[in-house]
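Below, chains carry the letters A, B, ... as their sequence lines are ordered, and counting in each starts from 1.
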Amino acid sequence: MAPAKINKESTKRQSTFEKSIKRLEEIVEQLEEGSVPLENAVKLFEEGIQLSKSCLEKLNQAELKIKKISKDLDGNFSLSEENYERE
Amino acid sequence: MKMDNQIVFSVTEITRRIKSVLESEFVEIAVEGELSNVKLHSSGHLYFTLKDENAQLSGVMWRNRVNYLPFTPQDGMKVIAIGRITVYEVQGKYQLDAVHLKPLGVGELQLAFERLKRKLAEEGLFDEANKKPIPQYPQRIGIVTSPTGAVIQDIANIISRRFPAVELILYPVKVQGAGAANEIVCAIRDFNRWKIADVLIVGRGGGSLEDLWPFNEEIVARAIYASEIPIISAVGHEIDYTISDFVADLRAPTPSAAAELVVPEKTEFLENMMNFCYTAKRILQQMISNEKKRIHSILQSYALNRPVDLIKQYYQRLDGLENNIKRLIKYKFAMYNNTLNGLSQRIYALNPELVLKRGYTIIQKDSGIISRKEYLSENDKVKIKFYDGPVTAEILSKTS
């Protein structure tokens with residue numbers, strides 16, 4: 001029988017986009033819950049707006065990066081930039 | 001038994017003779033049969049038996065030829081083995097020294113596919129419980145495919161359109177023929193070892209069953225299963241199903257479909273963010289409006305209006321007091337008035353003129369008013385003032 005695999009969710013790296021969306025979810029949850037005092041609510045809201053803005057900027061400015069792996073005889077890898085031409 | 005004119009061989013001699021006959025007779029042959037007892041020795045040499053209903057033939061394929069095999073021989077596969085007969089003298093065995101094996105028709109490959117699929121399914125390699133979730137926003141996407149051809153270009157185009165804020169890491173491999181399976185396995189292991197991708201796409205474009213065969217090999221399936229990085233398998237066209245598809249964490253019908261599955265669409269992502277922002281804004285506006293109402297009602301409440309109320313009360317008291325004072329003044333004034341009137345009447349009543357009018361007279365001597373007889377002497381000359389004028393008189397006597 002093949003050994004059962006453990007989901008290593010907690011050790012995964014989260015991308016900034018993932019973190020941003022999760023943080024936004026958290027902010028909305030906290031606000032909806034209603035126990036946040038007004039001053040903190042305003043701070044949370046501002047944080048959310050900032051997150052959205054930075055994600056928007058990142059996405060709009062982004063260009064796809066492609067790298068190619070080469071392996072040397074010692075088994076070490078190196079990454080070389082590939083020129084990507086959008087068709 | 002005639003012994004004199006019969007040649008007696010030693011074992012070695014007869015074996016050598018047999019070897020010579022067999023090896024010169026069967027220099028290049030093709031043998032069809034079913035594989036059994038297939039063993040890939042650690043040395044890299046392949047040992048097997050070819051059989052049919054009535055007979056069996058041992059076989060061996062040397063390491064350098066094994067590397068050229070486009071598929072992994074399995075027990076039960078019907079193949080054609082091409083090679084020559086050799087005699088292994090030490091063990092007194094003859095065998096087929098194969099230089100090539102090929103499946104007896106595509107049907108054989110299909111059967112091999114079914115066998116492996118069953119075997120791995122029984123081991124649990126295809127179980128849903130073992131499949132890892134594909135990360136929603138991967139930053140680095142590893143791609144194991146051929147560096148030439150349309151696959152990598154298609155994937156790049158689609159990802160660039162959908163969600164360009166990622167990095168593609170291409171690990172070029174052979175995707176068909178001998179050695180392809182090993183290269184694919186190496187690529188998957190290397191990505192895992194170096195930890196340089198959040199998700200892998202492993203696949204190739206369309207082709208025949210033989211072309212796609214590396215993705216049906218057991219070593220590839222096991223490498224996909226063992227990968228800690230989630231793997232999307234993307235082999236061939238929609239109708240092609242390979243063992244890799246079953247064992248991977250997600251199957252994409254084509255490499256282009258994999259590109260659609262691996263990243264979200266950027267406008268959709270942005271819409272999600274916008275929705276969160278609108279929701280947050282709405283909640284905040286509600287909170288502010290509630291707070292305004294609360295403050296407003298506090299302002300309206302009696303507690304806060306007390307100062308104004310107090311002031312109003314004071315005003316009223318002042319007004320009241322003012323009225324009182326006015327009243328008092330009036331009263332006092334009236335009183336004084338009365339008193340004054342009374343006094344003035346009395347004074348008036350005391351007016352000498354009035355006294356005179358009543359008949360009394362004022363007696364004056366030397367312009368002083370005489371109010372007692374003792375102030376007078378006989379023969380004094382006095383003025384007697386009557387109401388209707390004065391007369392002069394002389395005192396005759398002080399006794400009556």
Side-chain angles (χ1 to χ4, degrees), chain A residues 1-9 11-25 27-28 30-34 36-38 41-42 44-45 47-49 51-53 55-56 58-71 75-77 79-80 82 84-87, chain B residues 120 122-125 127 129-133 135-140 142-143 147 152-154 156-157 159-161 163-172 186-187 190-191 193-196 198 222 225-226 228 264 266 269-270 272-277 279-281 283-284 287-288 290-291:
Chain A
M1 264 326 241
K5 289 200 289 188
I6 307 158
N7 259 335
K8 294 206 178 146
E9 191 80 53
T11 60
K12 251 185 350 157
R13 267 180 41 164
Q14 278 191 333
S15 74
T16 28
F17 294 110
E18 204 152 13
K19 287 197 197 118
S20 301
I21 273 268
K22 272 205 170 63
R23 183 65 188 142
L24 272 180
E25 275 176 18
I27 289 175
V28 170
Q30 279 187 40
L31 289 178
E32 273 174 346
E33 200 205 343
V36 179
L38 187 57
V42 172
L44 282 176
F45 178 72
E47 187 190 334
I49 294 293
L51 274 177
S52 318
K53 263 181 70 180
C55 282
L56 185 69
K58 275 204 191 87
L59 265 185
N60 282 337
Q61 290 168 10
E63 260 184 34
L64 186 63
K65 287 186 279 294
I66 308 186
K67 294 213 172 94
K68 190 158 146 183
I69 286 190
S70 334
K71 217 160 93 160
N76 300 317
F77 76 94
L79 293 172
S80 55
E82 283 282 287
Y84 169 62
E85 288 295 320
R86 177 88 187 266
E87 280 179 7
Chain B
L120 297 182
E122 268 165 36
E123 282 187 41
L125 260 71
D127 289 352
N130 291 327
K131 295 196 192 297
K132 295 177 286 294
Q136 219 186 347
Y137 302 100
Q139 273 179 322
R140 305 160 303 177
I143 309 197
I152 184 65
Q153 190 64 44
D154 285 343
N157 285 343
I159 291 180
S160 173
R161 175 179 45 82
F163 202 94
V166 299
E167 193 176 76
L168 297 188
I169 301 181
L170 171 62
Y171 194 124
C186 269
D190 283 344
F191 269 117
R193 193 153 48 98
W194 300 324
K195 300 194 197 323
I196 51 174
D198 305 315
R222 293 203 186 274
Y225 183 75
E228 280 181 11
K266 95 184 143 192
F269 171 80
L270 292 173
N272 277 342
M273 295 213 115
M274 286 301 114
N275 282 341
F276 280 124
C277 290
T279 305
K281 182 171 152 204
I283 296 173
L284 214 72
M287 282 175 80
I288 290 174
N290 285 347
E291 200 63 11

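Heavy atoms closer than 4.5 Å to chain B are found in both the backbone and the side chain of A:F17. Heavy-atom distances place the side chain of A:L79, and not its backbone, under 4.5 Å from chain B. At a 4.5 Å heavy-atom cutoff, A:K19 makes no contact with chain B through either its backbone or its side chain. Residue B:L270 touches chain A through its side chain alone, counting heavy-atom pairs closer than 4.5 Å. Heavy-atom distances place no part of A:Q30 under 4.5 Å from chain B, backbone and side chain included. In this structure, chain B has no heavy atom under 4.5 Å from any part of A:S70. A:Q61 does not touch chain B: none of its heavy atoms, backbone or side chain, sits under 4.5 Å away.
Nearest heavy atom pair, residue B:C277 against residue A:G48, reads SG-O, 4.4 Å.
Per-residue heavy-atom pair counts under 4.5 Å with chain A were compared for B:C186, B:A187, B:A165, and the maximum is reached by B:A165. The choice from B:P172, B:P264, B:P164, B:A280 that makes the most heavy-atom pairs within less than 4.5 Å of chain A is B:P164. Here A:L38 is the residue among A:V42, A:I27, A:L38 with the most heavy-atom pairs under 4.5 Å with chain B. Each of B:K281, B:K195, B:E291, B:M274 has some count of heavy-atom pairs under 4.5 Å with chain A, and the biggest count is that of B:K281.
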TODO: Apply side-chain contact (heavy atoms from CB on, under 4.5 Å) to the pair A:I21 and B:F269, showing each step before the final yes or no.
DONE: CA-CA 9 Å; A:I21 273 268; B:F269 171 80; 3.3 Å; yes

Q.
Run the side-chain contact (heavy atoms from CB on, under 4.5 Å) test on B:F276 and A:L51 for me, step by step, so that the C-alpha distance in whole Å, both residues' side-chain angles and the decisive distance to 0.1 Å come before the verdict.
A. CA-CA 11 Å; B:F276 280 124; A:L51 274 177; over 6 Å; no

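Partner of A:I69 under the side-chain contact (heavy atoms from CB on, under 4.5 Å) criterion, out of B:I196, B:L170, B:I143: B:I196 alone.
Side-chain contact check for A:E32 versus B:T279: some heavy-atom pair is nearer than 4.5 Å. Using a 4.5 Å heavy-atom cutoff, the side chains of A:F77 and B:D190 are not in contact. B:M273 has its side chain out of reach of A:L56: every pair of non-hydrogen atoms, C-beta onward, lies at least 4.5 Å apart.
Environment of NZ in A:K71: crowded, with over 12 heavy atoms of neighbouring residues, nucleotides or ligands closer than 6.0 Å.
Between B:K266 atom NZ and A:K58 atom NZ the span is 15.0 Å, to the nearest 0.5 Å.
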